[in-house]
Amino acid sequence: MFKHILTKVPGHIGREFIHRSMNSIASIPGGNQLIHFLGHMNPSPTLAVKLFGIPFSSPVGLSGKVDPLLSGTRAFSNLGFSFVEVGPVTKRKQQPSVKPYYERETLNVIFPEELESLGIDETVEKLQGYNGVNLKKLIRLKGSNEEIIELIKKLSSFSDAFILDFKVDILDHFITVIKERSKNLPILLAITPDQLSSKNDQLSCLIEAGKIDGVVIDADCEDSSFTSLKACVNKIRSIHKHIPLIVSGGINEPEDALEIYHAGVNLFMLSSGYITSGPGLPKRINELLDNNQKREPEIFSGWIWYWLFGLAVFIGGLLALLFSMTRIVLPYDEHFLGISRNDILNFNKNLLYFMAHDRMTLAGTMISGGILYMSLARYGIKYGIHWCRKAVNIGAITGFLGILLFIGFGYFDWLHGLFWLILLPFFLKGYFSTKTINATPVSVNKRNHQAWKLSLYGQLAFIILGFAFIIGGLVISYIGATFVFVQTDIGYLCMPPEMIKKYNEALIPVIAHDRAGFGSALFSVGLLVLMISLWGFREGDKWVWWSMLIGGFPAFLAGITIHFVIGYTTFAHLLPAYVAVALYIFGLIFTYSFLMKGENK
């Protein structure tokens, strides 16, 4: 959303805007949970790596070049990263005149040779505030030998490992001193591809003598390419099979990370690629690495109960559709009202049609919701995918809570109560029989190809649609709970609410309860659409596209058609529906190639 704007401003300004915004959200109560909910980026437990005796939740980390001022560190723990590089940390604050900038010709971010540094005092202050952040920290130090020893003394309590730039004066005795001062924390030596060509013998001596614990290949230097990066990795691995190897930069797409991982790299830090590919890159890499493990998915038999729950919602929607197209007012409605269907027709036929319009839109929404529930159960929960179970649970529980709205109107029809009681056992059985589900999804997406780029626009359209349904559901429920009718409703009925109430006091509660039913159902389905859009879009997942297509059709067809059937075609009233249809079609078109032509089944 922001890329086209931010690429037109100086790189450090856009960077700080994004990082400070994310950090602010993560710092407020519930902020971390909100970021986690929107991204759902936790890596699979199978990707856990242990290096230097330190557990990393995945091989993916973030280079200090991306956030040298530590503005967004608190938020990064929710974006799929296992660790962050801090620094380079210098004794004094360092503000070079040349800042990172976006190069439009190469579509890349260029980092200057001299990077910003907060200085030791401000770095310590920042790190003290991030003690509770669940990220490992590799701190890069820069300065003279004496300054580095001073920095280590102040930073050892915050660091999991230290990174030193390769220099001629990194001698055996100096590294020994560093080891002593750092309480034997791992010492990693950072080297560029050019340095590796000229200083390979010196590096080998340090490795063989056990003076350093790992090597960092800095791949963001000028004229460095992915090919030269792989050559460096292969060169080191051909001689030193077991030295821990970390790459900083050079990874722009998920397949880059996969190739480097197969070449023998233990950890990698994203830099320019994270900025140009977007914050979803660590998640895409983690899912591709997980897919590469070729594990057979575990089947959870409890999925069938969630599927039956969705089927019951689907059948309930069909019955509601049937009633809305025939009697509209059922016998128990007539009993509560004390008048018959014909009496309402004789009083104001538009009133009966208006009730049909509320009930048919509810029916279409229920049918759509049932389809989404069944799809999530069949293609996600069955294989232990945690996000699918979470989506069903949130959608179902909010749907159940909607029944509380009915009670507040003084009219609770027995059919709604019976439907609630039929659904509840299916949901509870599904909930308790799948409690151990915790699998994360895998992905085959390797490149930032055109289909992927287009799918981001389509995904955004569905996310907006989900939010729109949620807001619409809340607004409709609020209207039903307060003044019941909007101005266009009164124009269609050709009479004010006072006249309806004077004719029959029970009519308004019946209409209000219908509105609450529709508002509650729309809110619940909106959550399903939002969660599928946020968490479920992966290359080749055909079931997601078909679920959106088939699941959306009943709600839109019923909701729009009934307005033309009864003659309630006020443009302002139908405008939200038209916008929603446009988002729906746009989303389907722009995600088609990505979801329907990939490798996943």
Side-chain angles (χ1 to χ4, degrees), residues 33 36-37 40-47 286-287 290-291 293-319 365-403 417-443 466 520-521 523-538 540-548 550-551 600-601:
Q33 290 78 4
H36 174 73
F37 176 84
H40 225 64
M41 292 185 175
N42 286 356
S44 168
T46 62
L47 296 177
N286 285 328
E287 290 177 351
D290 195 19
N291 182 69
Q293 296 183 6
K294 308 288 184 187
R295 290 176 290 108
E296 284 296 322
E298 183 181 354
I299 304 296
F300 287 81
S301 59
W303 73 273
I304 193 64
W305 297 104
Y306 278 126
W307 188 87
L308 291 172
F309 170 82
L311 179 63
V313 174
F314 179 81
I315 293 172
L318 289 177
L319 291 173
T365 305
M366 287 176 63
I367 293 170
S368 291
I371 291 169
L372 294 180
Y373 283 128
M374 287 189 285
S375 291
L376 287 164
R378 168 63 180 81
Y379 296 102
I381 298 173
K382 181 178 180 179
Y383 301 106
I385 303 300
H386 178 260
W387 77 261
C388 293
R389 180 178 183 269
K390 187 173 183 178
V392 169
N393 289 343
I394 292 174
I397 290 170
T398 53
F400 281 126
L401 291 176
I403 205 168
L418 178 62
F419 184 57
W420 194 90
L421 290 174
I422 290 171
L423 289 177
L424 187 60
F426 290 114
F427 173 72
L428 291 177
K429 183 67 175 175
Y431 180 87
F432 287 108
S433 62
T434 59
K435 287 188 76 173
T436 57
I437 279 179
N438 64 354
T440 53
V442 297
S443 172
S520 171
F523 178 81
S524 181
V525 170
L527 282 171
L528 289 179
V529 172
L530 176 63
M531 289 182 285
I532 292 171
S533 303
L534 287 171
W535 307 336
F537 279 62
R538 286 170 187 83
D541 275 357
K542 297 180 176 66
W543 72 270
V544 173
W545 193 87
W546 282 112
S547 297
M548 290 300 204
I550 300 171
N600 282 357
K601 302 300 180 187

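All residue numbers refer to positions in the sequence shown, counting from 1.
Residues Trp387 and Thr440 are not in side-chain contact: their nearest non-hydrogen atoms beyond the backbone lie 4.5 Å or more apart. Side-chain contact between Leu424 and Phe400: present, with at least one pair of heavy atoms (C-beta onward) separated by less than 4.5 Å. Side-chain contact between Arg389 and Phe300 is absent, with no heavy-atom pair separated by less than 4.5 Å. Considering only heavy atoms from C-beta on, Met548 comes within 4.5 Å of Val529 through its side chain. Residues Asn291 and Ser443 have side chains not in contact (no heavy-atom distance under 4.5 Å, counting atoms from C-beta outward). Tyr306 is listed as a side-chain neighbour of Asn393, based on a closest heavy-atom distance under 4.5 Å.
Of the possible donor and acceptor atoms, none in the side chain of Trp303 sits under 3.5 Å from a partner among the backbone N and O of Gly430. Panel note: side chain Arg538, backbone Pro441; no donor-acceptor pair is recorded below 3.5 Å.
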Report, one line per pair, each donor and acceptor closer than 3.5 Å where one atom sits in a side chain of residues 369-380; sequence neighbours left out.
{"from": "Tyr373", "atom 1": "OH", "to": "Gly395", "atom 2": "O", "distance (Å)": "3.1"}
{"from": "Tyr373", "atom 1": "OH", "to": "Ala396", "atom 2": "N", "distance (Å)": "3.1"}
{"from": "Tyr373", "atom 1": "OH", "to": "Ser524", "atom 2": "OG", "distance (Å)": "3.3"}
{"from": "Ser375", "atom 1": "OG", "to": "Ile371", "atom 2": "O", "distance (Å)": "3.1"}
{"from": "Ser375", "atom 1": "OG", "to": "Ser547", "atom 2": "OG", "distance (Å)": "2.9"}

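Of the inter-residue distances, the one linking Ile385 atom CD1 with Lys390 atom NZ reads 14.5 Å to the nearest 0.5 angstrom. Between Ile299 atom CD1 and Lys382 atom NZ the span is 5.5 Å, to the nearest 0.5 Å. Rounding to the nearest 0.5 Å places CG of Leu319 at 9.5 Å from CD1 of Ile367.
By the side chain to side chain contact (heavy atoms under 4.5 Å, CB included) test, Trp546 pairs with Lys542, Leu549, Ile550, Met596, sequence neighbours left out. Scanning for side chain to side chain contact (heavy atoms under 4.5 Å, CB included) contacts around Phe426 gives Trp305, Leu308, Phe309, Ile422, with sequence neighbours left out. For Thr46, the side-chain hydrogen bond (donor to acceptor under 3.5 Å, both in side chains) test picks out Ser44, Asp290, Gln293, with sequence neighbours left out. A search for side-chain hydrogen bond (donor to acceptor under 3.5 Å, both in side chains) contacts involving Ser533 returns nothing, not counting sequence neighbours.
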Stepwise ring pair (Phe, Tyr, Trp, His ring centres under 6.0 Å) check, Trp535 with Phe37 = CA-CA 9 Å; Trp535 307 336; Phe37 176 84; 5.1 Å; yes
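Here side chain to side chain donor-acceptor pair (under 3.5 Å) pairs that include residues 421-432, with residues two or more places apart or in two chains, number zero.
Nearest heavy-atom pair across Ser520 and Gly402 is OG-CA, 3.2 Å. Leu528 and Ala391 get closest at one heavy-atom pair: CD2-O, 3.4 Å. Shown here for Ile532 and Val544, the closest heavy-atom pair between the two residues is CG2-CG1, 3.9 Å.
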